[in-house]
Number of protein chains: 2
Amino acid sequence: MFSIGQLSKQTGVKVPTIRYYEQVGLLVSAGRTEGNQRRYDKDGLERLGFIRHARDLGFSIEAISALIDLQQHPDRSCQEATEIAQDQLADVREKLRRLTALETELVRISEGCDGDGSSNDCYVLTSLADHRHCRTEH
Amino acid sequence: MFSIGQLSKQTGVKVPTIRYYEQVGLLVSAGRTEGNQRRYDKDGLERLGFIRHARDLGFSIEAISALIDLQQHPDRSCQEATEIAQDQLADVREKLRRLTALETELVRISEGCDGDGSSNDCYVLTSLADHRHCRTEH
DNA sequence: CTTGAAGCTCTAGTGACTAGAGGTTGTAGA
DNA sequence: TCTACAACCTCTAGTCACTAGAGCTTCAAG
């Protein structure tokens with residue numbers, strides 16, 4: 001049996017975050033000692049590991065809830081799980097696309113200015129003031 | 001002179017967002033009609049355009065505040081503006097790095113599973129349960 | 001002069017935590 | 001067995017950048 005602090009150390013999830021996950025229903029309520037402190041077993045450890053990993057991959061709490069539901073109903077097809085993962089992938093790719101455009105723009109903006117001179121003709125500021133200078137969509 | 005709605009249309013910034021920007025001090029308080037409605041001039045339009053563009057590029061409200069300060073003190077060196085832009089670029093690049101790793105992982109996870117079969121051996125779920133399956137750091 | 005779209009302020013909600021106050025419990029050492 | 005104190009508890013509020021809604025007032029066209 002682990003205390004919440006030990007669970008935290010083993011998973012790398014902060015103590016208040018673990019309590020938060022319980023509060024929003026991601027983790028089932030932990031058993032308690034007589035003095036009302038949470039105690040976890042190996043099962044709890046694994047569930048939190050799953051959540052941690054999914055969060056690291058950018059899945060939302062809502063998506064993780066759905067995935068945990070699926071885990072607990074092994075009779076259901078895993079098509080749903082695959083869909084959730086693919087939605088997440090599409091999301092990540094969209095973010096990559098946007099960030100790549102931003103990178104291009106920021107490089108252009110940063111390089112135009114050597115940091116000398118006064119800010120009334122600063123390239124960074126004039127570039128931000130006028131979208132028409134941009135080379136990519138964003 | 002524009003109403004807040006006209007300003008919104010011209011810049012693509014929603015009306016409540018404009019009021020929010022004023023509230024947090026990004027936009028100086030607009031002049032008002034006798035009936036207490038906001039009226040903007042060309043200056044306000046340009047300032048909001050600047051904010052809009054900088055937000056699109058992912059700059060935080062705080063960073064934009066600093067940039068606007070610099071605009072209003074043209075005597076100060078633009079080195080600070082360049083630093084802010086380069087910080088933002090570093091930030092974007094870090095996000096790109098992480099998202100690229102996530103993409104790799106998600107492709108691997110999604111492709112391992114064809115959506116058939118039941119979820120007790122679903123590759124998506126087992127992959128999420130065990131970080132050791134991963135090929136990249138995240 | 002009427003109507004209704006557009007404006008106003010204020011409060012509260014979003015997601016995923018994080019921080020802090022103020023109190024209680026568990027446990028290691030004396 | 002006692003004591004000290006780290007770790008635990010609950011609850012509220014704050015973060016960021018908005019967004020939504022209630023309930024009211026003003027503007028402008030017909």
Side-chain angles (χ1 to χ4, degrees), chain A residues 1-27 29-40 44 47-48 50-68 84 87-88 91-92 95 98 102 138, chain B residues 1-27 29-40 44 47-48 50-68 84 87-88 91-92 95 98 102 138:
Chain A
M1 299 289 258
F2 319 112
S3 69
I4 196 168
Q6 290 167 330
L7 193 69
S8 169
K9 258 186 202 135
Q10 292 194 58
T11 56
V13 179
K14 287 180 190 160
V15 168
T17 305
I18 297 173
R19 288 198 277 249
Y20 167 75
Y21 286 159
E22 183 181 315
Q23 192 195 312
V24 298
L26 254 199
L27 283 172
S29 298
R32 301 287 180 123
T33 64
E34 284 193 2
N36 200 33
Q37 297 196 357
R38 290 169 180 84
R39 287 295 118 92
Y40 299 89
R47 206 175 316 250
L48 186 55
F50 179 92
I51 294 168
R52 165 85 211 265
H53 192 199
R55 283 294 301 136
D56 278 353
L57 288 166
F59 288 83
S60 69
I61 299 273
E62 203 189 339
I64 298 172
S65 266
L67 290 169
I68 287 176
I84 293 171
D87 280 359
Q88 178 59 19
D91 215 70
V92 164
K95 280 182 187 148
R98 295 206 70 223
L102 295 195
H138 53 259
Chain B
M1 298 291 259
F2 319 112
S3 70
I4 196 169
Q6 290 168 329
L7 194 68
S8 169
K9 256 187 205 134
Q10 292 195 59
T11 58
V13 178
K14 288 179 190 161
V15 168
T17 304
I18 298 173
R19 287 197 277 248
Y20 168 74
Y21 286 158
E22 183 181 314
Q23 192 194 313
V24 298
L26 255 198
L27 283 172
S29 298
R32 303 285 181 126
T33 63
E34 283 193 4
N36 200 34
Q37 299 197 354
R38 290 169 180 83
R39 286 297 174 271
Y40 299 89
R47 206 173 318 250
L48 186 56
F50 179 92
I51 294 168
R52 166 84 211 265
H53 192 199
R55 284 294 302 136
D56 279 353
L57 288 166
F59 288 83
S60 70
I61 298 273
E62 203 189 338
I64 298 172
S65 266
L67 290 169
I68 287 176
I84 293 171
D87 281 359
Q88 177 60 16
D91 214 71
V92 164
K95 280 183 186 148
R98 296 206 68 223
L102 296 195
H138 54 257

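Note on naming: letters A, B, ... go to the chains in the order of the sequence lines (proteins, then strands), and numbering restarts at 1 for each one.
One can place CZ of A:Phe2 at 18 Å from C1' of D:dC8, the figure rounded to the nearest angstrom. Nucleotide D:dT25 holds its C1' atom 15 Å from the CD atom of B:Glu34, rounded to whole Å. Between B:Tyr20 atom OH and C:dT14 atom C1' there is a gap of 13 Å when expressed in whole angstrom units. One interatomic measurement links the two molecules: CD1 of B:Ile64 to P of D:dC18, which rounds to 8 Å at whole-angstrom precision. Between B:Leu26 atom CG and D:dC16 atom C1' the separation is 13 Å, expressed in whole Å. At whole-Å resolution of the value, CD in A:Glu22 and C1' in C:dC17 are 16 Å apart. Separating the CZ atom of A:Arg39 from the P atom of C:dT25 is a distance of 13 Å, rounded to the nearest angstrom. Going from atom CD1 of B:Ile18 over to atom P of D:dC18 covers 12 Å, rounded to whole Å.
Phosphate proximity of D:dA7 to A:Ser3: absent, as no side-chain N or O sits under 4.0 Å from OP1 or OP2. Listed pair A:Lys14 / C:dT18 meets the phosphate criterion, a side-chain N or O lying under 4.0 Å from OP1 or OP2.
Proximity note for B:Arg32 (side chain, C-beta onward) versus D:dC9, D:dA17, C:dT9: the nearest is C:dT9. The side chain of A:Thr17 lies closest to C:dT18, out of D:dA28, D:dT26, C:dT18. For A:Ile61, the side-chain atoms get nearest to C:dC17 when compared with the rest of C:dG7, C:dC17, D:dA17. Among the nucleotides C:dG26, C:dC8, C:dT18, the one closest to any side-chain atom of B:Gln37 is C:dC8. Set against D:dC8, C:dG26, D:dA17, the side chain of A:Thr33 has C:dG26 as its closest nucleotide. Comparing D:dA28, D:dA17, C:dT9 against the side chain of B:Arg38 picks out C:dT9 as the nearest.
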Please test A:Arg38 against A:Arg32 for side-chain contact (heavy atoms from CB on, under 4.5 Å), starting from the C-alpha separation and ending with a verdict. CA-CA 5 Å; A:Arg38 290 169 180 84; A:Arg32 301 287 180 123; 3.2 Å; yes
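A donor-acceptor pair under 3.5 Å is formed between the side chain of A:Arg52 and the backbone N or O of A:Thr11. Checking side-chain atoms of A:Gln6 against main-chain N and O of A:Ser3 turns up a donor-acceptor pair under 3.5 Å.
One distance of note links CD1 of A:Ile64 with CZ of A:Phe50; it measures 7.5 Å at 0.5 Å rounding.
Comparing B:Lys9 and A:Asn36 along DNA chain C, the residue whose closest nucleotide (by nearest heavy atom) sits nearer the 5' end is B:Lys9.
Across all strands, B:Tyr21 comes closer than 4.0 Å only to sugar-phosphate atoms, never to a base (heavy-atom distances). Among the heavy atoms of the strands lying under 4.0 Å from A:Arg19 is at least one base atom, whether or not backbone atoms are also near.
Heavy-atom neighbours of A:Arg39 CZ from other residues, nucleotides or ligands within 6.0 Å: above the threshold of 12.
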